[in-house]
> 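Got a structure here, written out as structure tokens. Questions coming.
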Amino acid sequence: MGLYIAIWIALLVLATARREHRLLLWTVVVGMSLLAGLRDLSIGVDTRPYHEAFTIAQDGRMPPMEPGWGLLNIAVARLGGNFNLLLWIVSITTLGLVTRVATKDSPNPRFSLFIYYSMYAYLNSFNGMRQFLAISIVLWGFHLLYRNKVWKFLITIGMAMTIHLSSIIGFVALITRKIPLKPWILYTSLSFSLLTGLFIIKDTWLIPLLGPYGVYLQGDNFSVRESLSSAVIMALLMNCLLLFLYHTAPVSFRDNFWLKLFWMGILVTNTSLQLVLGTRMILYFTITQVTLFPQYLSAKQRDIPLVSTLLILYLLLIFLKILILGNDGQEGSIYPYKSVLSA
């Protein structure tokens, strides 16, 4: 655990440095990708299943997953690469896309990388690397839509779906960006979604509505939550964060593209409170915090040191909560970290 906390501190120092260190930023990204790529099979709950899928690709057969992921496995296997090469390629691509979006759309790319890490997205990719690759592709798609490159956005989301079908939710951004985020719309949508998530939506009637995607509601990992308390607390925290950003930024910021996507993420969070599925689906929108927070701070006219401190404390809370409560040191846990080089 100490290693991951040390990385958090190092990224915070990098994010708050006065000078722009673009080369250092990319050096850190490469270093983080190597840490992910050289991890042992015991690090991450899904690492062994993905290794089994890779062995299928080594036999010249298509792994039973989305075609894009299967073809990537086969390509690495035919080039003579091993499983750790696949891990590294996935990690450098995931981090590279996030960092590329940050360098284009964030006033402070270093702070964006710190946000990405603090959201636990980097460490969570040790568990679900396929979905986090899809999330980074969707984020790149959002960047294209932000620049009004609609057709490229559509193609990019289609590509993400070949990695993880759940990324189909990214198409919602086409509608979200056109909604005027007026106060009555904001408060009505938040209230309605919370009530819906608490008292109405369950997986029993959603499965047939979702068709082939209903599989994500089935099984132990995608069922109804046994306890709502933790989910409700996190949802309320994120709702409060959205309202804080909305009311403390200049009025013109309410039309911000990334703020609207974050709002959509909160609606998904609220609506899917009872579903474990919700934890996965909201990631496609909450990832926008990597550009939202820096743009918010850039647009704000006063109290920047205070607000920056509050955001960092929020990120620290999220990071430590998941790091401590989401790992137990058993098989599949991300700590203690173990590398194939130490085997």
Side-chain angles (χ1 to χ4, degrees), residues 1-11 26-61 63-66 68-99 113-114 116-136 163-164 219-221 279-280 283 318-343:
M1 185 186 299
L3 170 65
Y4 303 130
I5 295 176
I7 294 174
W8 187 89
I9 295 173
L11 290 175
W26 283 103
T27 301
V28 170
V29 167
V30 172
M32 291 171 65
S33 71
L34 289 172
L35 189 69
L38 293 173
R39 70 182 186 272
D40 184 75
L41 290 179
S42 62
I43 304 300
V45 293
D46 288 342
T47 305
R48 288 192 186 278
Y50 283 128
H51 179 258
E52 293 172 3
F54 182 72
T55 60
I56 294 176
Q58 286 179 312
D59 292 335
R61 295 176 290 134
M65 297 177 179
E66 285 82 346
W69 181 259
L71 290 174
L72 175 60
N73 278 255
I74 289 176
V76 173
R78 289 188 176 178
L79 290 173
N82 60 15
F83 181 62
N84 285 99
L85 177 61
L86 174 67
L87 293 181
W88 179 76
I89 290 174
V90 171
S91 182
I92 192 63
T93 304
T94 302
L95 286 167
L97 285 172
V98 172
T99 305
L113 182 62
F114 169 73
Y116 181 77
Y117 185 84
S118 298
M119 289 171 56
Y120 204 75
Y122 168 74
L123 293 178
N124 214 358
S125 70
F126 287 15
N127 299 314
M129 61 179 183
R130 183 166 60 96
Q131 186 181 14
F132 276 90
L133 174 59
I135 289 171
S136 68
I163 302 296
H164 205 287
D220 295 335
N221 294 326
T279 304
R280 291 205 169 204
L283 295 170
I318 297 296
F319 179 71
L320 291 179
K321 183 261 182 185
I322 304 177
L323 180 65
I324 296 174
L325 299 183
N327 294 274
D328 55 12
Q330 302 300 315
E331 178 72 16
S333 174
I334 65 165
Y335 64 77
Y337 177 81
K338 183 178 179 182
S339 169
V340 292
L341 300 180
S342 60

> Rounded to the nearest 0.5 Å, how far does CG of L72 lie from CZ of F54?
9.0 Å
> With rounding to the nearest 0.5 angstrom, report the CZ to CD1 distance, R48 to I43.
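It is 9.5 Å, given to the nearest 0.5 Å.
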> Would you give the length of the straight line joining atom CD1 of I334 to atom CG of L123, rounded to the nearest 0.5 angstrom?
4.0 Å
> Indicate yes or no for a side-chain donor-acceptor contact from N84 to the backbone of G37 under 3.5 Å, with no hydrogens or angles considered.
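Checked: pair present.
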> Going by heavy atoms in the side chains, are L3 and L35 under 4.5 Å from each other?
yes
> Measuring from atom CD1 of I135 to atom CG of N124, what distance do you get when rounded to the nearest 0.5 angstrom?
8.0 Å
> Indicate the atoms forming the closest heavy-atom contact of S125 with R39, along with that distance.
O-NH2, 4.1 Å
> Quick one: side-chain hydrogen bond (donor to acceptor under 3.5 Å, both in side chains) partners of W8, sequence neighbours excluded?
S118
> Please name all residues satisfying ring-ring contact (aromatic ring centres under 6.0 Å, His included) with Y50, sequence neighbours left out, ordered by chain then number.
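Applying ring-ring contact (aromatic ring centres under 6.0 Å, His included) to Y50 gives W69.
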> Does R61 have any side-chain contact (heavy atoms from CB on, under 4.5 Å) partners at least two apart in sequence or in another chain, and if so, which?
I56, D59
> Are T47 and H51 packed together at the side-chain level, in the sense that at least one heavy-atom pair is separated by less than 4.5 angstrom?
no
> So I5 and L323, do their side chains get closer than 4.5 Å, heavy atoms only?
yes
> To the nearest 0.5 Å, tell me how far M119 CE sits from L283 CG.
7.0 Å
> Show which side-chain atoms of residues 86-98 pair as donor or acceptor with protein atoms under 3.5 Å away, not counting sequence neighbours.
unit_1, atom_1, unit_2, atom_2, d
W88, NE1, S33, OG, 3.0
T93, OG1, I89, O, 2.7
T94, OG1, V90, O, 2.7

> What residues form a ring-ring contact (aromatic ring centres under 6.0 Å, His included) with Y117, not counting sequence neighbours?
Y122, F319
> In terms of the angle between their ring planes, are Y4 and Y337 parallel, tilted or perpendicular, with boundaries placed at 30° and 60°?
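Judged by the thresholds at 30° and 60°, the geometry between Y4 and Y337 is perpendicular.
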> Testing the basics here: between Y335 and I324, what is the closest heavy-atom pair and its distance to 0.1 Å?
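Closest approach of Y335 to I324, heavy atoms only: OH-O, 4.0 Å.
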> So, for A57 and P63, which heavy atoms are closest and what is the spacing to 0.1 Å?
CB-CG, 4.1 Å
> Return the minimal non-hydrogen interatomic distance between M65 and A53, and the atom names on each side.
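Here M65 and A53 meet closest at CE-CB, 3.8 Å.
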> So, taking the atom named CD in Q131 and the one named CG in D46, what distance separates them when rounded to the nearest 0.5 Å?
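These two atoms lie 10.0 Å from each other.
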> Quick one: side chain to side chain donor-acceptor pair (under 3.5 Å) pairs with a partner in residues 72-82, sequence neighbours left out?
none
